[in-house]
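In what follows, a structure is listed as structure tokens, so that the remarks can point back to it.
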2 protein chains.
Amino acid sequence: MALNDRKIQILQAIINDYIETAEPVGSRTIAKKYNLGISSATIRNEMSDLEEMGLILQPHASSGRIPSDMGYRLYVDHLMQQKELSLDEQKYLQGVISRDINQIDYLMEETAKALSLLTNYATFISEPVGQRTRIKQIRLLPLDSTSLLLVIATGDNFIKNHVIKMDSVPSEEKIFYMGICLNRVLQGFALNEIDGAVISKMQAELQEYQELLEPILKAIEITMRAAEKVQVHMSGARNMLAFPEFSDIQKAKSLFQTLEEKDVLVTMLEESKGNDIQILIGSENTVQGMKDCSVITATYKMGDNTRGTIGIVGPTRMDYSQVISVLNGMVQNIEGVLRNLSDGNNKNT
Amino acid sequence: MALNDRKIQILQAIINDYIETAEPVGSRTIAKKYNLGISSATIRNEMSDLEEMGLILQPHASSGRIPSDMGYRLYVDHLMQQKELSLDEQKYLQGVISRDINQIDYLMEETAKALSLLTNYATFISEPVGQRTRIKQIRLLPLDSTSLLLVIATGDNFIKNHVIKMDSVPSEEKIFYMGICLNRVLQGFALNEIDGAVISKMQAELQEYQELLEPILKAIEITMRAAEKVQVHMSGARNMLAFPEFSDIQKAKSLFQTLEEKDVLVTMLEESKGNDIQILIGSENTVQGMKDCSVITATYKMGDNTRGTIGIVGPTRMDYSQVISVLNGMVQNIEGVLRNLSDGNNKNT
DNA sequence: GTTAGCACTCAAAACTGGTGAGTGCTAATA
DNA sequence: TATTAGCACTCACCAGTTTTGAGTGCTAAC
């Protein structure tokens, strides 16, 4: 059975209508609303074919049809046309980032909020991550008479701190010197590369402060492990409650459970990293609890190999083309802000 | 009309039953279940009085009674008896924190998760904050040929970083020296105290690096503003969906909206800071969107004046005494972990 | 190949009466 | 005088029935 033009028109009509109304679409509706020049009976015959091909399905015997995941896939891959952002939306996008945001985590927070407001779906976003496993700079600073601060910058200029408590802290100069030594030895290393050889080297360099070495090494391990953990921000989960798909409390609850699991979200974002735009429809999602949703992800870049990912979660009948264009717009914007932030917003103003 | 013993017994019965079942409680139920030695008719008369006093109310003409906010208030203030933690719960509490958590934000995250699991309500928690507006130590570190790292430690050992971009970064020694100067001048100051006098002093000290002063000052401002913003972690919002009170999607949505607003949560926690345990019942909440809920907050301390707050949100018929005992237990635990974390978990092991 | 027409299906809405948990009131009782 | 038994009444809820309407598939005619 061939997927001729007319079948495609009908499929498109069904998808458009269902995205809009969330109600199964019947042949008469299509005949009346989209004047394809054929009668409802003919549409019925075609729909019967489309169902046989697995592109649409019937929730129950005497109801209209809804698109299947496979139907959406066909739509997304071949039928959908890119939507342009409305002026309002463009303006809003600009507005959200025009404020001088200069801390990455606020930028993430604001972006997630804006996207969930703009799309009415749920949004999650991971911060830009590059060479985060590798030590770029490592230093020590005195805080007070019993605490020392360990500062580690990773390859992607991500900074992580750790306060080390001890009985008494050496003088400022000694600490400075220790930090320099530490840095000389460990610069460029990843945590799993710090083996016996490296440690002996450190012992040699820091001979005077043997007793401090152990707590410092432990602090480095803790800090690097923490640095490797990627932060993810989530917003707009409540939007999902507005969709009839989730008026069943049980379904809503299990979706919310998934959305609260940051580890799961990170994994999802990791998996799609690299693709400019990735779309996973319903059952295509590997994560349980997302099988009733579609997830669209977009990757943004910040120089080099430093990247982050944005994900939008909606019902399978989400407005794919709108989400994609908003995401594209937002990626542009974030990249702009990050560029501005990383090469000197301090110079102007 | 006096609130005699019998009335109190009846009120208590109504509250207990309603907390358990979420169904309006009738006179016959009370007569059968709680043998107070009086007939349902007598109970009806007493209930009529209790209603007149505003302690209970009737959802509709021929239904049983439910406690009013005022009724809960009386219960919480005078009738409720402290519940002991079950062994399982005590064990769980221990287990949650026995893992070696050494980053404050993970501790917050884990605590919120544990509490929402343990109580089946929603939990939010603010990190320990003390002298966060005051600079305790300030330093500069070189990151690479075009970026400088500003590190600020505030009075409560909270660390905040900021990467400053510039055309070229001076030598390590010069930066070290600049950092020391900066520290000498600014130590002990709050952002709003850095006035003309202080700035001229800095200009004098850093004469050689006039052109760096402006970006550094700007970075200090940004960083201190960010430091002042208190982080809050939220968990278990989905639990609220399990309660019949929120089976109305609209109500659920507006509650979720409030729970997603971190600023609102911070305000709520701030307002209750200082009180060991604070209970706000239904309409007593100033925050719109929480008027159908009760919020119990507890303050935990970390030496000096450094404090954080935990909040538990549930329906007004929440299990107050259980939540209070769990909160008390958790405060003990957190304080333990923080104490351990701040006076040298690095020494042992 | 297309369409009009018709019998059929089935979910959802509207209506029905019955049930039961609750009330308030009153009169009898201790 | 406080308590209680008894009774009429209310009203949400449930189960069953009917009605409605949007939908289908099939068939015969164009």
Side-chain angles (χ1 to χ4, degrees), chain A residues 1-11 13-15 17-18 20-68 244-245 247-248, chain B residues 1-11 13-18 20-68 71 244-245 247-248:
Chain A
M1 189 167 2
L3 192 63
N4 58 27
D5 253 24
R6 197 167 67 188
K7 282 196 176 60
I8 287 179
Q9 283 184 313
I10 291 171
L11 178 61
I14 292 171
I15 292 178
D17 217 73
Y18 188 67
E20 193 184 326
T21 64
E23 292 292 331
V25 190
S27 54
R28 245 172 73 87
T29 311
I30 296 182
K32 269 193 282 183
K33 217 161 149 185
Y34 309 78
N35 37 353
L36 307 178
I38 47 177
S39 78
S40 68
T42 311
I43 294 173
R44 273 202 291 285
N45 290 333
E46 296 287 35
M47 278 164 91
S48 170
D49 290 354
L50 285 169
E51 185 166 9
E52 215 175 302
M53 296 164 81
L55 295 168
I56 57 178
L57 41 85
Q58 237 176 336
H60 61 86
S62 75
S63 80
R65 305 304 214 288
I66 64 176
S68 68
E245 287 71 351
S247 61
D248 172 15
Chain B
M1 191 167 359
L3 191 62
N4 56 26
D5 252 24
R6 197 167 67 187
K7 283 196 175 59
I8 288 180
Q9 282 183 313
I10 291 171
L11 177 61
I14 292 172
I15 292 178
N16 287 343
D17 216 72
Y18 188 68
E20 193 184 329
T21 64
E23 293 292 333
V25 189
S27 54
R28 243 172 74 86
T29 311
I30 296 181
K32 268 194 281 182
K33 219 162 147 184
Y34 308 78
N35 37 353
L36 307 179
I38 47 176
S39 78
S40 67
T42 310
I43 294 174
R44 273 202 291 285
N45 290 333
E46 297 287 34
M47 279 162 91
S48 171
D49 290 353
L50 285 169
E51 185 165 7
E52 213 174 304
M53 296 163 83
L55 296 169
I56 57 178
L57 41 85
Q58 238 176 336
H60 61 86
S62 76
S63 80
R65 306 302 214 289
I66 64 176
S68 68
E245 281 80 346
S247 61
D248 173 15

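These figures come from a predicted structure and were not determined experimentally. Lettering follows sequence order; numbering is per chain, from 1.
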Problem set entry | Nearest-nucleotide 5' precedence on DNA chain D, A:Gln58 against B:Asn45 | B:Asn45
Problem set entry | Residue-phosphate contact under 4.0 Å: B:Thr42 side-chain N/O, D:dT4 OP1/OP2 | yes
For this session: Using atom CD1 of B:Ile38 as one end and atom P of D:dA5 as the other, report the distance to the nearest whole Å.
Result: 12 Å
For this session: Measure the spacing between CD1 of A:Ile15 and CD of A:Glu20 and express it to the nearest 0.5 Å.
Result: 14.0 Å
For this session: Could you state the atom-to-atom distance from CD1 of B:Ile66 to C1' of C:dG22 in whole Å?
Result: 14 Å
For this session: In whole angstrom, give the distance that lies between atom CD1 of A:Ile43 and atom P of C:dG1.
Result: 18 Å
Exercise. Can you tell me if B:Gln58 uses its side chain to pair, donor with acceptor, with the backbone of B:Ser63 under 3.5 Å?
Worked result: yes
Exercise. Tell me: CD of A:Glu46 to P of D:dG23, nearest whole Å?
Worked result: 18 Å
Exercise. Taking atom C1' of C:dT23 as reference, at what distance in whole Å does atom CE of B:Met47 sit?
Worked result: 9 Å
Exercise. To the nearest angstrom, how far is B:Asn4 atom CG from D:dA2 atom C1'?
Worked result: 12 Å
Exercise. Is it the case that more than 12 heavy atoms not belonging to A:Asp5 sit under 6.0 Å from its CG atom?
Worked result: no
Exercise. In residues 21-34 of chain A, which residues come under 4.0 Å of DNA chain C by heavy atom?
Worked result: none
Problem set entry | Touch class at under 4.0 angstrom, heavy-atom based, for B:Ser63 against every strand present | sugar-phosphate
Exercise. Between A:Ser39 and C:dT3, does any side-chain N or O lie under 4.0 Å from OP1 or OP2?
Worked result: yes
Exercise. Heavy-atom count around A:Asp248 CG within 6.0 Å, excluding the residue itself: above 12?
Worked result: yes
Exercise. Side-chain N or O of A:Arg65 less than 4.0 angstrom from OP1 or OP2 on D:dA22?
Worked result: no
Exercise. Given C:dT2, is OP1 or OP2 found less than 4.0 Å from the side-chain N or O atoms of A:Arg6?
Worked result: yes
Problem set entry | Sub-4.5 Å side-chain heavy-atom contact between A:Ser48 and A:Arg44 | no
For this session: May I ask you to evaluate whether A:Arg44 reaches the phosphate of C:dC6, defined as a side-chain N or O under 4.0 Å from OP1 or OP2?
Result: no
For this session: Rounded to the nearest angstrom, tell me the gap between atom NZ in A:Lys7 and atom C1' in C:dG1.
Result: 12 Å
For this session: Without swapping roles, check the side chain of B:Ser68 against the backbone of B:Gly54 for a donor-acceptor pair under 3.5 Å.
Result: yes
For this session: Could you check how far CG of A:Asp49 sits from P of C:dG1, rounded to whole Å?
Result: 12 Å
Exercise. How far apart are the closest heavy atoms of B:Ala22 and B:Pro244, and which atoms are they?
Worked result: CB-CG, 3.9 Å
Problem set entry | Residue closer to the 5' end of DNA chain C, B:Ser62 versus B:Ala41 (nearest nucleotide) | B:Ser62
